[in-house]
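In what follows, a single structure is set out as structure tokens and then discussed.
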Amino acid sequence: MMAVMSALGWGAVAASSVVLGALLALWRHWPERWVGAVLAFGAGALISAVSFELALQGFAEGDDGFLASGIAAGALTYFLLDRLISRKNTASPGEGRRAQTDADAGSALALGAFLDGIPEQLVLGLGIAAGEGVSVGLLVAIFISNLPEGLGSASDMQEEGRSSQFILRLWISVAAICTLATVVGFLIADHASGNFRAVVDGIAAGALLVMLVDSMIPEAARKTGPTAGLVTVLGFSIAAALSAYT
């Protein structure tokens with residue numbers, strides 16, 4: 001029971017940053033360039049997570065093809081669900097393109113946090129159960145990248161006209177589900193093969209990559225301007241260093 005509670009606690013720590021990001025967005029209105037810079041930093045951290053915590057780990061754990069299958073499944077799942085949400089968020093003629101852009105960006109970031117958060121935290125739970133302890137690199141990467149997703153999505157949803165209650169309920173639900181995913185990963189670890197872990201890694205990586213290219217990086221560049229690329233490199237470098245030295 002203590003081990004399960006430990007997994008639950010570490011899962012909550014990792015997932016809590018999405019709620020923290022949403023609370024920061026609801027607390028006050030942040031300058032658009034600041035929100036864009038936070039998104040750019042988070043994008044860099046996520047690129048590092050895909051490279052060193054998900055893809056590399058998946059190659060090491062599973063046979064050829066399992067990681068690739070997971071990547072394809074994650075990418076297609078995110079793509080199809082994002083298109084469905086985008087159609088539902090189609091702005092009325094009086095709302096204009098900017099309202100449509102904010103609606104799409106906020107929903108896409110929320111969907112990305114949900115779809116990549118579950119497999120990421122499954123991986124976290126699997127690692128704890130395997131006796132590897134907490135992967136500080138993965139934990140920090142999840143925390144750092146979730147904060148911008150929560151902040152950026154909540155900011156865009158506010159501009160779209162969503163209520164504070166709706167935004168907070170959404171992100172608390174996402175955090176709760178992702179936290180439970182850590183516990184599920186811990187509980188199924190004894191029955192999880194290396195190929196299963198590779199598929200889980202791949203699903204998270206695929207969903208992240210599509211979300212980054214379709215939503216997070218364009219939104220960061222739109223809000224921040226020419227410095228977005230430099231801030232993204234900074235986020236990547238810090239997250240990669242944490243992965244290498246922890």
Do Trp27 and Leu39 belong together in a cluster built from hydrophobic side chains that touch within less than 4.5 Å? yes

Val38 and Arg33: side-chain contact (heavy atoms from CB on, under 4.5 Å), yes or no, with the steps? CA-CA 9 Å; Val38 171; Arg33 289 179 63 85; over 6 Å; no

Is it possible for you to say whether Leu67 and Leu122 belong to one hydrophobic cluster, with membership spreading through side-chain heavy-atom contacts below 4.5 Å? no

In the single-linkage hydrophobic clustering (I, L, V, M, F, W, Y; side-chain heavy atoms under 4.5 Å), do Met5 and Leu124 co-cluster? yes

Calculate, to the nearest 0.5 Å, the distance between atoms CG and CD1 belonging to Leu76 and Ile71 respectively. 12.0 Å

On a heavy-atom basis, the closest approach of Ala73 and Thr77 is O-OG1, 2.7 Å

Is there a donor-acceptor contact under 3.5 Å from the side chain of Ser16 to the main chain of Val13? yes

Out of curiosity, Leu54 CG to Arg197 CZ, how far, rounded to the nearest 0.5 Å? 13.5 Å

For Trp171, does the six-membered ring have the charged nitrogen or CZ of Arg169 within the cation-pi criterion, i.e. under 6.0 angstrom from the centroid and within 45° of the normal? no

For the residue pair Met157 and Leu170, establish whether any side-chain heavy-atom pair is separated by less than 4.5 Å. yes

List the steps and the verdict of side-chain contact (heavy atoms from CB on, under 4.5 Å) for Leu187 and Val4. CA-CA 8 Å; Leu187 294 175; Val4 173; 4.0 Å; yes

Heavy atoms only: give me the nearest Ala240-Phe52 pair and the separation to one decimal. CB-CE1, 3.7 Å

Mind listing the closest non-hydrogen atom pair of Gln158 and Ala25 along with its distance? OE1-O, 3.0 Å

Which atom names give the shortest non-hydrogen contact between Met216 and Pro148, and what distance separates them? CE-CB, 4.0 Å

Minimum heavy-atom distance Ala40-Ala220, with the two atoms named: N-CB, 3.6 Å

Atom pair CD1/OG of Ile167 and Ser153 - distance to nearest 0.5 Å: 7.5 Å

Side-chain touch Leu147/Val18, heavy atoms, less than 4.5 angstrom: no

What distance do Trp10 atom CH2 and Thr182 atom OG1 have between them, rounded to the nearest 0.5 Å? 11.5 Å

Looking at every non-hydrogen atom in both residues, tell me the closest pair between Ala45 and Ala239 and how far apart they are. CA-CB, 3.8 Å

So does Asp63 get a backbone contact from the side chain of Asn195, meaning a donor-acceptor N/O pair under 3.5 Å? yes

Connected-component partners of Ile203 among ILVMFWY, side-chain separation under 4.5 Å: Phe66, Val199

CA sep, side-chain torsions, deciding dist, call: Val183, Gln121, side-chain contact (heavy atoms from CB on, under 4.5 Å): CA-CA 9 Å; Val183 178; Gln121 299 212 191; over 6 Å; no

Could you list the cluster mates of Val213? Members are the ILVMFWY residues connected by side-chain heavy atoms closer than 4.5 Å, either directly or through other members. none

Interatomic distance, CG@Leu46 vs CZ@Phe41, rounded to 0.5 Å, equals 11.0 Å

Mind checking whether Ile177 and Ile188 sit in one hydrophobic cluster, side chains of I, L, V, M, F, W, Y counted as touching below 4.5 Å? yes

Taking a hydrophobic cluster as the set of Ile, Leu, Val, Met, Phe, Trp and Tyr residues connected by side-chain heavy atoms closer than 4.5 Å, whether directly or through intermediates, do Leu180 and Ile172 fall within one such cluster? no

Counting distance only, does the side-chain N/O of Thr224 pair as donor-acceptor with the main-chain N or O of Ala37 below 3.5 Å? yes

Under 4.5 Å between any side-chain heavy atoms of Asp156 and Glu219, yes or no? yes

Keeping Ser17 on the side-chain end and Leu20 on the backbone end, is there a donor-acceptor pair under 3.5 Å? no

Would you indicate whether the side-chain heavy atoms of Ser193 and Glu61 approach each other to under 4.5 Å? no

Hey, does Leu208 have a side-chain heavy atom less than 4.5 Å from the side chain of Tyr78? no

Side chain to side chain, Glu32 and Arg222, heavy atoms closer than 4.5 Å: yes

Is there a side-chain contact between Cys178 and Val174, using heavy atoms and a 4.5 Å cut-off? yes

